[in-house]
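Notes follow the structure.
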Amino acid sequence: MKRLICTALFILLLSGCALQNASRTVFHMNTVMDLTLWGGGEAVLDDLEELLSSLEKTWSVTDPNSPLSRFNRGDDTALSQVDRLLLDQVTALSERTGGAFNPNLYALSRCWGFYDETYRVPTVQERAAALLEKKWDLGGVLKGYAGQQCTQLLSHKHVQRAILSLGGNVQTFGEKPNGEPWQIGIQNPRGGDPLGILQVQGTMAVITSGDYQRYFEEDGIRYHHILDAETGAPAHSGLSSVTVVCRDGMTADALSTALFVMGLEAGTQFWRESQDFEAVFVTSGGKIYATQGITLTGCAFEVISR
Ligand code: AMP
Ligand code: MG
């Protein structure tokens, strides 16, 4: 069995700002994060790191002593009331997507070996049993939520502008000095140069879900980490990646996962019924589709209209 984990950043930053103030590369939530601030300094970077580390400690599913792990084992006192409110918001996002985004797939991800790299294809019976266990895993929203929390901290600290790449999920904050848009490369799911450059204005979350971020291969088949609760297996929706652009980081993250599971057709319909996000779909065949509010340069794509 071939085991592969893609830990590389999957969105490239092309910030283009000359007056950079402070930047740091850190490792949290099992991924590399690049934090770049204008108008802040080392102390704010320390604060950001503390925030990221505290979110990681609370919501870790790999640390058996984390509050979430204890909550999953039935200790109702393990999470604070504020943390429980977050679970309510996450549940609302799951309902909004008709369950395509499902934050209760902990047991299923575990039986595919995605938490500890003991990758294997579980039997149908094992998958069915795992689907009956409704244990929490916020892996599908945590980085988006973290980016959003970071912007609140940056506001309080009077930082003018920032760009944070949390494992390739990008959170912009504030306007660039010259009023130009932030430019963010969309990673080619099959490697090489970025597929195209997305332009976004102001504070925005740009979040990608892809079949290349964590996967293993067996008998020539790629099994990736985004699971479909309908089948108990990696979502086989004809997509390689979905990038969502949205003002709300947690929503962006939940929707990128959900749209990946839905596929192009249902995802397009979902977008038409929504008003709060735009999306770029990359099919398994490499074709690119972007909803009409997206500004994308450097590649050919088909526009999805309302
Ligand atoms: P993302 O990269 O944001 O799409 O999130 C993928 C991560 O979310 C996985 O590594 C799992 O921890 C978890 N996950 C897998 N499938 C789903 C799903 N259908 N809905 C919500 N979370 C999921
Ligand atoms: Mg997500």
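We count ligands from 1, going down the list as the structure has it; atoms in each ligand are counted the same way. None of the values given here were measured: they were computed from a predicted structure.
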request  = Report yes if the distance between the aromatic ring centroids of H224 and F260 is under 6.0 Å, otherwise no.
outcome  = yes
request  = Pull out every atom of ligand 1 sitting under 4.0 Å from any heavy atom of S209, numbered as shown with elements.
outcome  = 1 (P), 3 (O), 4 (O)
note = dist W59:CH2 -> D137:CG (nearest 0.5 Å) comes out at 11.5 Å
task = Show your reasoning for whether salt bridge (Lys or Arg N to Asp or Glu O under 4.0 Å) applies to D76 and R70.
result = CA-CA 8 Å; D76 282 345; R70 286 188 277 124; over 6 Å; no
ask   = Is it the case that R306 places NZ or CZ above or below the six-membered ring of W271, under 6.0 angstrom from the centre and within 45 degrees of the axis?
value = yes
ask   = With a cut-off of 4.0 Å, which atoms of ligand 1 are near a heavy atom of F101?
value = 20 (N), 21 (C)
inquiry  = I'd like to know whether ligand 1 has A100 as a neighbour, heavy-atom separation below 4.0 Å.
reply    = yes
request  = Select one of side chain, backbone, both or neither to describe which atoms of Q213 lie under 4.0 Å from any atom of ligand 1, heavy atoms only.
outcome  = side chain
task = Could you find the nearest protein heavy atom to atom 5 (O) of ligand 1 and give me its residue, atom name and distance?
result = G140 CA, 3.3 Å
request  = Indicate, as side chain, backbone, both or neither, the part of D137 found under 4.0 angstrom from ligand 1 when only non-hydrogen atoms are considered.
outcome  = side chain
request  = Report the residues that fulfil salt bridge (Lys or Arg N to Asp or Glu O under 4.0 Å) with E133, sequence neighbours left out, ordered by chain and then residue number.
outcome  = K135
key: Heavy atom of the protein closest to atom 20 (N) of ligand 1 (residue, atom name, distance)   = N102 N, 2.8 Å
note = To the nearest 0.5 Å, atom CD of E56 lies from atom OG1 of T58 at 10.0 Å
message = Tell me whether R120 is salt-bridged to E218, with the criterion being a basic N under 4.0 Å from an acidic carboxylate O.
response = no
ask   = Short N/O distance, under 3.5 Å, between D253 and ligand 1?
value = yes
query = Any idea which protein heavy atom is nearest atom 1 (P) of ligand 1, and the distance to it?
reply = T257 OG1, 3.4 Å
inquiry  = I want to verify a count. Protein N, O or S atoms less than 2.8 Å away from the Mg ion (ligand 2), how many are there?
reply    = 4
remark   = Smallest heavy-atom separation, R272 atom then S305 atom, equals NE-O, 2.8 Å
key: Taking atom 19 (N) of ligand 1 as the reference point, the nearest protein heavy atom with its distance   = L227 O, 2.7 Å
ask   = Cut-off 3.5 Å, side chains only: do H28 and E49 have a donor facing an acceptor?
value = yes
note = OG (S69) and CG (D75) are apart, to the nearest 0.5 Å, by 11.0 Å
query = So which protein heavy atom does atom 10 (O) of ligand 1 come closest to, and at what separation?
reply = H225 ND1, 3.1 Å
request  = Using a strict 4.0 Å threshold on nitrogen-to-oxygen distance, state whether D276 and R96 make a salt bridge.
outcome  = yes
request  = Give a yes/no on ligand 1: does R214 have at least one heavy atom closer than 4.0 angstrom to it?
outcome  = no
Carboxylate-amine/guanidinium contact D46 R24, below 4.0 Å = yes
